[in-house]
Amino acid sequence: MKHSTKITSKGITGSGLPTDYKKAVAEYIWNGFDAKASEIRINFKSNVFGYLDEFSIIDNGEGIDMSTLSDTFGKFMVSRKMNSYSNTGFVKGKKGKGRYSFSLFADRAIWDTFYKAEGNVLNYKITINKETAEDYYTDDTIIANAESTGTKVSFYDIDGIVDDQLESEEFKSFLSNEFGWFLYLNNEHNFNIYINDERLEFETVIADSELIEDIIDDVAFKIVFLRWEHKIGDKYYFYFLNSEMKEQYRKHTSFNNKPIDFHHSIYIQSKYFDDFQISKNENQEVIQGKNQGHSTFKTLLANLNSLVEEKQKLFIKYEKANSLIDKFNKENILPSFKESKYEQYRKKDLENVIKELYIIQPKIFQNLKKEQSKTVVGFLNLLLDSEQREHVLDIVENVVKLSDEERKELADTLKKSELKHITELVKFLKNRFEIVEIIKALVYELNTFTNEREHIQKIIEENYWLFGEQYHMVSADKNFEVAVNNYLAFMEENNNTKPAFERLDKTEKKKRPDIFVCRKFDKIGVDADEVIEENIIVELKRPNVVIGKTQFSQIEDYLNFISNEPKFNSQLRSWKFILVGHKVDDFIKGYYTNQKEKNKRFLIQSINNYEIYAMTWDDIFRIFEIRHNHLIKKLEFKSSIIDELKARGIRISKELSNELTASALKIAQ
């Protein structure tokens, strides 16, 4: 039977139908869900050339009732669904034109539909041809030999779509973005979309989700928070749904203007919205009924805003803040810090404050040019390392206006950050102080039981900061062959290469320097930038050994080996050889006098870029105390571990030397 929509085919094609195959297919999927389907199946078959021989979309919905056909297919730009669900955003076919979307890729569409009426499942077909779209044709209704309802729309003479498009990741991604939220909300009802029997994995577009139950004024609310991997719309909304999952009202969240890729939607379902009335005056509370001015709704909205605010902070903290720090490091926006632990604490403090600022107010670091970012970060660093941390607030407010709440939050963050910074620094200094006290006990009180290899050597291996902060351990108590290869491996690692192990044919290769550390840094030369490699070799002696001619000869042998090794003797490498012992004899004191004009304390020999130093353990300890004396006095650390042990009745023995060494190694971890 022929029916007419009283509009021309030209009028239909010019009415704003989809111009993209993905959107056209989506129209039919939404039609299925609008018909209360829980399952949509997209089926197709193609020939060897990829052209579609068969293409259909099947749903298990209620079907199309023949008695209402004149109100659906018979009226263009008017839909029965529009009349039934006037406020629901879930119903997509509000204007009844989605059924004509096939004209984008096919010449004909046939709906084979099953619906229930008078206790039976009835079946008939509807046909629309592209060339005469103003007309549609129906078969006679028959009683079907089936128990379930649903509709299958099949497309014929297909020429605007091929199998590659329906199998593509682009198509699947589009469907996931379009229907992901709807499928997620109906997950407990097992809603799904299939493409040739393969389930659409819509979950891939959801980056974060949470289901929350809230009770306000004895009314239960089911709240679903979703954060999307990618932007799926122009705005972010709260969606308020009634007990039948119909959208009664939607409202922008307060996070639409924050350019931080925080793509989110919040769906709130409750019977509270069954009789919800939308009012233009949101501040006026109704006595009978509910609207946006109702006290329960206002409390709900406040809770929702708090939820989204907390979610945004977590997102920035764990997803965006680290990326911001990585970007600042990569683009050299952060100031340079030395490799010492203290300098790294300062760097960590700065990074933490930047992260917290970004969490509180992302606009602080948004849309800044590189030089502007460097200026802001530079000022932050200067203030954090001074007594003026509170002035960070002034710097920030010159960049972006803070609310009273944000200002208070930032002030609290700076106080917490300062406390954490101080706590870490105190722990850092306390550990070093205890290690120095242990070494003092070993070289003074336990010198009879202490030796360089079992005790001193092990401790200095883990605490070579005593000779400089920013060094890399090359080797400890290893022969020169191993040391050479470790050294070259470290240097080449900075150039992303790893040299093969090299054998040395010199007999001196078996000599074993106690500590060999190095560092690499840039130095501005006269004509060009130079890369300087600074190296230190330390020779540790037993606590009761006096440094004299014998020890000096040993360190000279090291110097000769280094200077004669081709891989070591570049003029861009500097070398320091340090002898450490109980005290120095007159022979060494004479060398001090000879090198006095160089104005370098402890220097006993200097040849080109090679220097030899002789130091006592007391020299090492005094240098540490001078560097940290002002803090050590203020913090009032307890000294003299030996006195404490004696007071506890612990005997002075080799076992005690072993125990103190183990304790120092544990502290250094």
Inset, instruction - Identify the heavy atoms of Tyr156 and Ala106 that sit nearest to each other, and give their distance. - result: O-CB, 3.4 Å
Legend entry - Check: Leu200 and Phe171 side chains under 4.5 Å, non-hydrogen atoms: no
Inset, instruction - Not counting sequence neighbours, list each pair that qualifies as a side chain to side chain donor-acceptor pair (under 3.5 Å) and has a residue in residues 218-227. - result: Glu188-Lys222
Legend entry - Pair Asp214, Asn303: side-chain N/O donor-acceptor within cut-off below 3.5 Å: yes
Inset, instruction - Give the intermediate values and the outcome of side chain to side chain contact (heavy atoms under 4.5 Å, CB included) for residues Leu300 and Tyr272. - result: CA-CA 11 Å; Leu300 172 65; Tyr272 173 86; 5.6 Å; no
Legend entry - Expected output: side-chain Asp65 to main-chain Ser67 donor-acceptor under 3.5 Å: yes
Inset, instruction - Taking the side chain as every heavy atom from C-beta outward, state whether Asn31 and Asp59 have any atom pair closer than 4.5 Å. - result: no
Inset, instruction - Indicate yes or no: does Lys231 engage Asp261 in a salt bridge with an N to O separation below 4.0 Å. - result: no
Legend entry - Over all atoms of both residues, closest heavy-atom pair of Trp228 and Gly180: CH2-C, 4.1 Å
Legend entry - For the student: nearest non-hydrogen atoms of Tyr358 and Ala321, plus distance: CD2-CA, 3.9 Å
Legend entry - Lys45 side, atom NZ; Asn196 side, atom CG - distance, nearest 0.5 Å: 9.0 Å
Inset, instruction - Apply the test side chain to side chain contact (heavy atoms under 4.5 Å, CB included) to residues Ser270 and Val219: give CA-CA distance (whole Å), side-chain angles for both, the deciding distance (0.1 Å), then the verdict. - result: CA-CA 8 Å; Ser270 174; Val219 180; 3.6 Å; yes
Legend entry - Interatomic spacing from CG in Asp208 to NE2 in His263 - rounded to 0.5 Å: 13.5 Å
Legend entry - Asn186 side-chain N/O to His189 backbone N/O, donor-acceptor pair under 3.5 Å: no
Legend entry - N-O pairing of Glu198 and Lys172 below 4.0 Å: yes
Legend entry - Closest non-hydrogen atom pair between Val205 and Ser176, with its separation: CG1-CB, 3.4 Å
Inset, instruction - Could you check Tyr267 against Phe238 for ring-ring contact (aromatic ring centres under 6.0 Å, His included), going step by step and ending with a plain yes or no? - result: CA-CA 6 Å; Tyr267 303 87; Phe238 296 119; over 10 Å; no
Inset, instruction - Mind checking the CZ-CD1 spacing from Phe102 to Ile161? Nearest 0.5 Å is all I need. - result: 14.0 Å
Inset, instruction - Determine whether Leu301 and Lys251 make a side-chain contact, defined as any pair of heavy atoms from C-beta on separated by less than 4.5 Å. - result: yes
Inset, instruction - Look at the rings of Tyr249 and Phe240 and say which category their plane angle falls in: under 30° parallel, 30 to 60° tilted, over 60° perpendicular. - result: parallel
Inset, instruction - State whether a side-chain donor-acceptor pair under 3.5 Å links Tyr239 with Ser265. - result: no
Legend entry - With Ser243 via side-chain hydrogen bond (donor to acceptor under 3.5 Å, both in side chains) - residues at least two apart: Asp274
Legend entry - Spacing of CD1 belonging to Ile266 relative to CD1 belonging to Ile268, to within rounding of 0.5 Å: 7.0 Å
Inset, instruction - Tell me whether the guanidinium CZ or amine NZ of Lys320 lies under 6.0 angstrom from the six-membered ring centre of Phe315 and within 45° of its axis. - result: no
Legend entry - Side-chain donor/acceptor of Tyr28 to backbone N/O of Ser101, under 3.5 Å: yes
Inset, instruction - Step through it carefully: locate the ring centre of Trp30, locate the ring centre of Phe182, and say whether they are under 6.0 Å apart. - result: yes
Legend entry - Phe44 and Asp163, any side-chain heavy atoms less than 4.5 Å apart: yes
Inset, instruction - Would you give the length of the straight line joining atom CD1 of Ile278 to atom CD of Gln248, rounded to the nearest 0.5 angstrom? - result: 7.5 Å
Legend entry - Close side-chain approach of Ile206 to Glu229, heavy-atom, < 4.5 Å: no
Legend entry - Pairs where residues 117-128 contributes a residue and the test side chain to side chain donor-acceptor pair (under 3.5 Å) is met, not counting sequence neighbours: Asp112-Asn123
Legend entry - Ile126 side chain reached by Val153 side chain, heavy atoms, under 4.5 Å: no
Legend entry - Those residues that, when tested against Lys2, pass salt bridge (charged side-chain N to carboxylate O under 4.0 Å, His left out) (two or more places apart): Asp135
Inset, instruction - May I ask you to test the Ile64-Tyr115 pair for a side-chain heavy-atom distance under 4.5 Å? - result: no
Could you list the donor-acceptor pairs under 3.5 angstrom formed by side chains in residues 139-151, with sequence neighbours left out?
| unit_1 | atom_1 | unit_2 | atom_2 | d |
| --- | --- | --- | --- | --- |
| Thr149 | OG1 | Gly61 | O | 2.6 |
| Thr151 | OG1 | Thr113 | OG1 | 2.9 |

Inset, instruction - Locate the shortest heavy-atom distance separating Asp217 from Ser295; write the atom from each residue and the value. - result: OD2-OG, 4.4 Å
Inset, instruction - Classify the side-chain pair Tyr236/His252 by whether it contains a donor and acceptor separated by less than 3.5 Å. - result: no
Inset, instruction - Would you check if there is a donor-acceptor pair between the side chains of Asn43 and Lys152 at a distance under 3.5 Å? - result: no
Legend entry - Residues, nucleotides or ligands: over 12 heavy atoms within 6.0 Å of Lys370 NZ: yes
Inset, instruction - Verify whether one side chain among Asn190 and Asn192 offers a donor that lies under 3.5 Å from an acceptor in the other. - result: yes
Inset, instruction - Please answer whether the main-chain N or O of Ile40 pairs with a side-chain N or O of Asn60 as donor and acceptor at a distance below 3.5 Å. - result: no
Legend entry - Minimal non-hydrogen separation, Phe155 against Ala109, with atom names: CD2-CB, 4.0 Å
Legend entry - Arg41 charged N/C atom sitting above Tyr194 aromatic ring, 6.0 Å / 45°: yes
Legend entry - Phe105: which of Tyr21, Tyr51, Phe55 passes ring pair (Phe, Tyr, Trp, His ring centres under 6.0 Å): Phe55
Inset, instruction - Go through the steps for Ile325 and Lys355 under the test side chain to side chain contact (heavy atoms under 4.5 Å, CB included), then give the verdict. - result: CA-CA 8 Å; Ile325 296 300; Lys355 287 180 183 179; 3.7 Å; yes
Legend entry - Arg250 charged N/C atom sitting above Tyr237 aromatic ring, 6.0 Å / 45°: yes
Inset, instruction - Would you check if the side chain of Gln165 reaches a backbone N or O of Val162 as a donor-acceptor pair within less than 3.5 Å? - result: yes
Inset, instruction - Give a yes or no on whether the backbone of Leu307 and the side-chain of Glu310 come within a donor-acceptor separation of less than 3.5 Å. - result: no
Legend entry - Spacing of Glu134 atom CD and His3 atom NE2 [to the nearest 0.5 Å]: 14.0 Å
Inset, instruction - Go through the steps to decide whether Glu27 and Arg99 satisfy the test salt bridge (charged side-chain N to carboxylate O under 4.0 Å, His left out), and finish with yes or no. - result: CA-CA 7 Å; Glu27 289 282 354; Arg99 60 183 177 270; over 6 Å; no
Inset, instruction - Walk me through it: do Phe221 and Ile215 pass the test side chain to side chain contact (heavy atoms under 4.5 Å, CB included)? - result: CA-CA 6 Å; Phe221 295 90; Ile215 297 178; over 6 Å; no
Legend entry - Contact check, side chains of Asn329 and Glu351, non-hydrogen atoms, under 4.5 Å: yes
Legend entry - side-chain hydrogen bond (donor to acceptor under 3.5 Å, both in side chains) partners of Glu210, counting only residues at least two apart: Lys311
